[in-house]
2 protein chains.
Amino acid sequence: MAKRKEAPKTERGQQTRQAIFDTAIDLFAKRGYDKVTVDDICAKVGVTKGAFYNYFRSKDQIILEEFMRMDEHYVRFAEEISSLPTSLEKFKVFTRAAITLMSETGVRLMKVLYHSQIAPHMSRPYLANERRYLYRITNEIIREGQERGEIREDVPSEEMASMLIDCFRGQIYHWCLANGSFDLVETCDRLMDLLLDSLKPR
Amino acid sequence: MAKRKEAPKTERGQQTRQAIFDTAIDLFAKRGYDKVTVDDICAKVGVTKGAFYNYFRSKDQIILEEFMRMDEHYVRFAEEISSLPTSLEKFKVFTRAAITLMSETGVRLMKVLYHSQIAPHMSRPYLANERRYLYRITNEIIREGQERGEIREDVPSEEMASMLIDCFRGQIYHWCLANGSFDLVETCDRLMDLLLDSLKPR
DNA sequence: TGGTTTAACATACCCTGGTATGATACTATG
DNA sequence: CATAGTATCATACCAGGGTATGTTAAACCA
């Protein structure tokens, strides 16, 4: 599922791959993604492009992999909300945690991600992969809410989840466009207030 | 405001610029944006890169300019909805017209736009320019609705407009990610049903 | 009319992400 | 032990967007 180009098969390969990854993330954080060339990364690690492209299919993929790790957090969030009384509250708290995570990740990294995911050659963008925990958990919250009669049932849960995620994603996209010049969490809180109303049964 | 690199100052310049623009749009439509090089465009026009970059600051800007023309349509839409009875209906019809326009523009072009607008070096993205007609008109509809008591007043109209636009933008982003594999207008119609509820006064 | 400016291009080049291919060294197998 | 296979990397190269620097020719003055 992770779609890594190819996992290293030797101990040495593991280390090289890891060194490339760590160095890249470090340099990106310091200078910004577009100010770091693949050659820069390789030079600092002490290898050449041959090594880089043996383990990563593109420069973008470094960012994508860093982002995919974030998905792991969602599972933790899902556990933490299990005790909340209503589905609406679960949705609210879970989403807020996710947005906070984005915010902490920083606009620079998020911007690179949102940029690369919509690139012309990108075939199966990770962001839209409905098997991600983000989708599965959101869908489950909605579905449960519908079952309990706390959420309107005229829209299938999958579709509802997708629409809601897209709404917040629009805010994130805007946040990236604006280079993080407004508080993402705060804005999404207000959006949440709007959306929660529309979820209640007719 | 248009931020064109530099407008031609002679008749000949006008024609060259126009020829480059028309040829580029034509080639993009036929082969797709990323399958057309700047040299391709220049070759067909019969000039060199020197001419191209004298009139356009980047390859992306061709797309952006095509898109900026679409903004003109919004003014027409705004006139057409002026006779509708309620603000909610105005918002609904106006937004639907805008989305339909995107849909007709095609996912290929929209994808290039959404991709280039979020590029690392992009400083003042046109999409987020709040002086665009899209923002001004939407804001005016909301403001009027609040004045009439048809729309909740606990959120300032500018902020409300921005949030709503972002919601639909999230759908468009998703649509681009999915390479247009679902019906954008239809999906946005369903989203509209959700959002309208949440706009009503508390 | 001669000199000066400047718009409109042409030429040559750089930068950088990505690829194609080859060399090396380690491992498994007969 | 010889051979084949394979993972890891190095070298050389390409493509394509973008830039820096001329060169030409028309317009504009004095």
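In what follows, chains are A, B, ... by sequence order, proteins preceding strands, each numbered from 1. Computed from a prediction, not measured in an experiment: that's the story for all the values here. Hydrogens, waters and symmetry mates are skipped; everything else that's a heavy atom, side chains included, is used.
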Between B:Thr16 and A:His121, whichever has its closest DNA chain C nucleotide further toward 5' is B:Thr16
If you only use heavy atoms from C-beta on, which nucleotide in [options] is closest to the side chain of [X]?
X	options	answer
A:Tyr55	D:dC9, D:dG17, C:dG17	D:dC9
B:Thr37	C:dA7, D:dG16, C:dG18	D:dG16
B:Arg12	D:dG16, C:dA8, D:dT8	C:dA8

What is the nucleic acid contact for A:Val45, judged by heavy atoms within less than 4.0 Å: base, sugar-phosphate only, or nothing? nothing
Length of the [atom1]-[atom2] vector between [X] and [N], whole Å:
X	N	atom1	atom2	result
A:Lys59	C:dC15	NZ	P	15 Å
B:Asp39	C:dC14	CG	P	17 Å
A:Phe52	D:dT8	CZ	P	16 Å
A:Arg17	D:dC9	CZ	P	12 Å
A:Asn54	C:dT24	CG	P	18 Å
B:Glu11	C:dA8	CD	P	11 Å
B:Lys9	C:dC9	NZ	C1'	15 Å
B:Gln15	C:dA8	CD	C1'	13 Å

With a 4.0 Å limit, can you tell me whether A:Tyr53 has a side-chain N or O closer than that to the phosphate oxygens OP1/OP2 of C:dT19? no
With the criterion being N/O to N/O and under 3.5 Å, what pairs connect the protein with nucleotides 10-12 of chain D, and how long is each?
unit_1	atom_1	unit_2	atom_2	d
D:dA10	OP2	A:Thr48	N	2.6
D:dA10	OP2	A:Thr48	OG1	2.8

Under the rule for side chain to side chain contact (heavy atoms under 4.5 Å, CB included), what residues qualify as partners of A:Arg69, not counting sequence neighbours? A:Gln18, A:Phe21, A:Glu66
Got a sec, which residues hit side chain to side chain contact (heavy atoms under 4.5 Å, CB included) with A:Asp39, two or more places apart in sequence or on another chain? A:Thr37, A:Lys49
Among residues at least two apart in sequence or on other chains, which ones pass side-chain hydrogen bond (donor to acceptor under 3.5 Å, both in side chains) with A:Thr23? none
B:Phe28: what forms a ring-ring contact (aromatic ring centres under 6.0 Å, His included) with it, not counting sequence neighbours? B:Tyr33
Looking at A:Lys59, I want to see if its NZ is surrounded by more than 12 non-hydrogen atoms of other residues, nucleotides or ligands under 6.0 Å. yes
Pairs touching residues 185-196 of chain B that satisfy side-chain hydrogen bond (donor to acceptor under 3.5 Å, both in side chains), sequence neighbours left out: A:Glu159-B:Arg190, B:Arg96-B:Asp189
Ring center gap for A:His174 and A:Phe182 short of 6.0 angstrom: yes
